[in-house]
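The sequence lines fix the lettering, A, B, ..., with proteins before strands; numbering per chain opens at 1.
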2 protein chains.
Amino acid sequence: MSYGDAMNARTRSEERRAEIVRAALEVIAERGYRGASLAAVAERVGLTQQGLLHHFPTKDALLVAVLEERDRWDAVPAGSWRVDLLTSLVEYNAMRPGIIQTFSALLGESVTEGHPAREYFTERYTRVRESMAVALRAEYGERLPNGLTPERTAPLLVAVMDGLQYQWLLDPESVDMPGAFRDFLRLLGEEA
Amino acid sequence: MSYGDAMNARTRSEERRAEIVRAALEVIAERGYRGASLAAVAERVGLTQQGLLHHFPTKDALLVAVLEERDRWDAVPAGSWRVDLLTSLVEYNAMRPGIIQTFSALLGESVTEGHPAREYFTERYTRVRESMAVALRAEYGERLPNGLTPERTAPLLVAVMDGLQYQWLLDPESVDMPGAFRDFLRLLGEEA
DNA sequence: AACGAAACCTACCGCTCACCAGGCAGCCGA
DNA sequence: TCGGCTGCCTGGTGAGCGGTAGGTTTCGTT
């Protein structure tokens, strides 16, 4: 195997796949997973539907790649979040409605029966709740208001982030997502 | 309850429509709106697809009826909520996963472009936020923690309810939705 | 008994979907 | 220079979609 060249076959193929995944993210944001046709994704990267199927043999395989992309995207730095970085994350999200829309649409679909992303989201939320509990403990210890534990607070934190996203996507003018999130954090850090 | 006698034509037609809407709620819960075929809804009430189209001329017309049903369902008693009744509402919801699933799936779809329920949800959330602000002011006055106003707290309250629903639908064993909601309310009512 | 409307049907249409089969061009290592 | 593999194409298929057209049965009203 030679590796001197600027771009070997494997690299080029991975580039192509990455392009396709990017296009799929867009189309899913616009039409949801069920509404996203392979043809629409293919057209966006200048392929025919069958050309796309060469890289991803089924529609579900493409979805798997999309979900893996998401895992890469918000991979926890050094294994755990810090609460103040969450604020930055929300602010960053507020500048990228596309990504938020993609995964909000997918989350909504995933609660329906037999949806191919259901298991992914179930496991993801288990993981994220645990991760958030760790972050909350690091920030507040056991001194959360009203004797709340980090484990009981984590689902609320996650719910606020998700719920705000829906309200914000529907009506960005009326909902200050980062501001509201900061308000929530202030509820946790009972002020000195 | 037999139809033949004490029921006039109009009443029977309305009964039929109500049956269809109920079936549509089920099918949407299972497959989302895009995934819900008229044929599937029709079969559930013992009709052909065209028999259904006699009562609702288009698929969108059926969706409108579904959304109207929801408005009737959670119509605010006497014009405004009381915060303690929200707890009961959440507890009640936790016993009816079907309804929650229907509207969580619809909410998720609604953020996609040109979705027929988008406007409905946008306006609904505007209304609900206002309604919640009123309820919060009635309960806590201006004395929310950290100088939060009812208007700024309302989006958080709504976000928590919605966000918890998704986590709960995906993994009811791991998420105590009513308990978590009570935790959130306890964050608002700073103790004593 | 006669009539008209409501309820529901069969048949059909054009379209879109995910996916299969088979072929062909171009590049790469041998 | 050749063989094979990768990338992508044309062509086609069966199923399912929402919706139309037009007929037939049912039934309350008169």
Side-chain angles (χ1 to χ4, degrees), chain A residues 1-24 27-28 30-66 109 112-117, chain B residues 1-24 27-28 30-66 109 112-117:
Chain A
M1 187 178 293
S2 76
Y3 36 87
D5 292 273
M7 196 179 288
N8 59 25
R10 153 163 302 183
T11 307
R12 210 165 341 154
S13 183
E14 282 171 3
E15 279 268 315
R16 203 54 157 155
R17 284 174 55 101
E19 264 185 78
I20 294 171
V21 167
R22 245 172 284 142
V27 176
I28 292 173
E30 290 166 16
R31 330 271 291 181
Y33 176 66
R34 278 193 166 100
S37 74
L38 293 177
V41 177
E43 192 192 15
R44 213 160 287 216
V45 291
L47 281 179
T48 63
Q49 186 203 112
Q50 294 76 4
L52 188 155
L53 282 170
H54 173 74
H55 295 278
F56 298 96
T58 67
K59 193 183 178 183
D60 279 16
L62 177 55
L63 177 60
V64 167
V66 164
E109 281 185 76
T112 61
E113 283 174 19
H115 193 280
Chain B
M1 31 187 105
S2 66
Y3 321 124
D5 29 342
M7 200 177 283
N8 62 25
R10 153 162 301 184
T11 308
R12 210 170 345 174
S13 184
E14 282 171 5
E15 277 269 317
R16 203 57 154 153
R17 285 172 55 100
E19 262 185 80
I20 293 171
V21 168
R22 244 172 284 140
V27 176
I28 292 173
E30 290 166 17
R31 329 272 290 182
Y33 176 65
R34 269 192 241 261
S37 74
L38 294 176
V41 176
E43 193 193 16
R44 213 162 287 215
V45 291
L47 281 179
T48 62
Q49 184 206 117
Q50 293 75 4
L52 189 154
L53 282 170
H54 173 74
H55 295 278
F56 298 94
T58 67
K59 194 184 177 184
D60 279 15
L62 177 55
L63 177 61
V64 167
V66 164
E109 280 184 78
T112 61
E113 285 174 17
H115 193 280

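Here C:dC9 is the nucleotide among D:dG28, D:dC8, C:dC9 with the atom lying nearest to any side-chain atom of B:L47. Of the candidate nucleotides C:dT10, D:dG19, C:dA18, C:dT10 has the atom nearest to the side chain of B:T48. Distance from the side chain of B:T58 is smallest to D:dG19 among D:dG19, C:dA18, C:dC19. Side-chain atoms of B:R16 lie closest to C:dC8 of the nucleotides D:dC17, D:dG28, C:dC8. Listed nucleotides: D:dC9, D:dC17, C:dC12. Nearest to the side chain of B:Q50: C:dC12.
The number of heavy atoms from other shown groups lying within 6.0 Å of CD (B:E43) does not exceed 12.
Side chain of A:R34 to backbone of B:R31: a donor-acceptor contact under 3.5 angstrom is found. Not a single donor-acceptor pair under 3.5 Å links the side chain of A:E109 to the backbone N or O of A:G32. For A:S37 (side chain) and A:A40 (main-chain N/O), a donor-acceptor pair under 3.5 Å exists by modelled atom type. Looking only at distances, a side-chain donor or acceptor of A:T58 sits under 3.5 Å from a matching main-chain atom of A:A61.
Between the CG atom of A:L38 and the P atom of C:dA18 there is a distance of 4 Å, given to the nearest Å. Between A:E43 atom CD and D:dC9 atom C1' the separation is 16 Å, expressed in whole Å. Whole-Å rounding puts the B:R34 CZ to D:dG18 C1' distance at 14 Å. Between A:R17 atom CZ and D:dC8 atom C1' there is a gap of 16 Å when expressed in whole angstrom units. Regarding B:L63, its CG atom lies at a distance of 13 Å from the P atom of D:dG18, rounded to whole Å. The separation between B:L53 atom CG and C:dA11 atom P is 17 Å, rounded to whole Å. If you measure from atom CZ of B:F56 to atom P of D:dG18, you get 15 Å, rounded to the nearest angstrom. In this structure, B:D60 atom CG and D:dG19 atom C1' are separated by 12 Å, rounded to whole Å.
Between C:dA6 and B:H55, no contact under 4.0 Å exists linking OP1 or OP2 to a side-chain N or O. In this structure, B:H54 does not reach the C:dC8 phosphate: none of its side-chain N or O atoms is under 4.0 Å from OP1 or OP2. Remark: A:S13 is in phosphate contact with D:dG7, judged by side-chain N or O atoms under 4.0 Å from OP1 or OP2. OP1 or OP2 of C:dT16 has not a single side-chain nitrogen or oxygen of A:S37 nearer than 4.0 Å.
Nearest-nucleotide positions on DNA chain D place A:L52 closer to the 5' end than the other of A:L52 and B:A40. Where A:G35 and A:P57 each meet DNA chain C at their nearest nucleotide, the meeting point lying more 5' is that of A:G35.
Within the 4.0 angstrom heavy-atom criterion, no nucleotide atom of any strand lies near A:A61.
Side-chain to base pairing of B:Q49 with D:dC17: no donor and acceptor N or O lie closer than 3.5 Å to each other.
Of the charged side-chain nitrogens involved, at least one lies within less than 4.0 Å of a carboxylate oxygen, so that A:R16 and A:E19 count as a salt-bridged pair.
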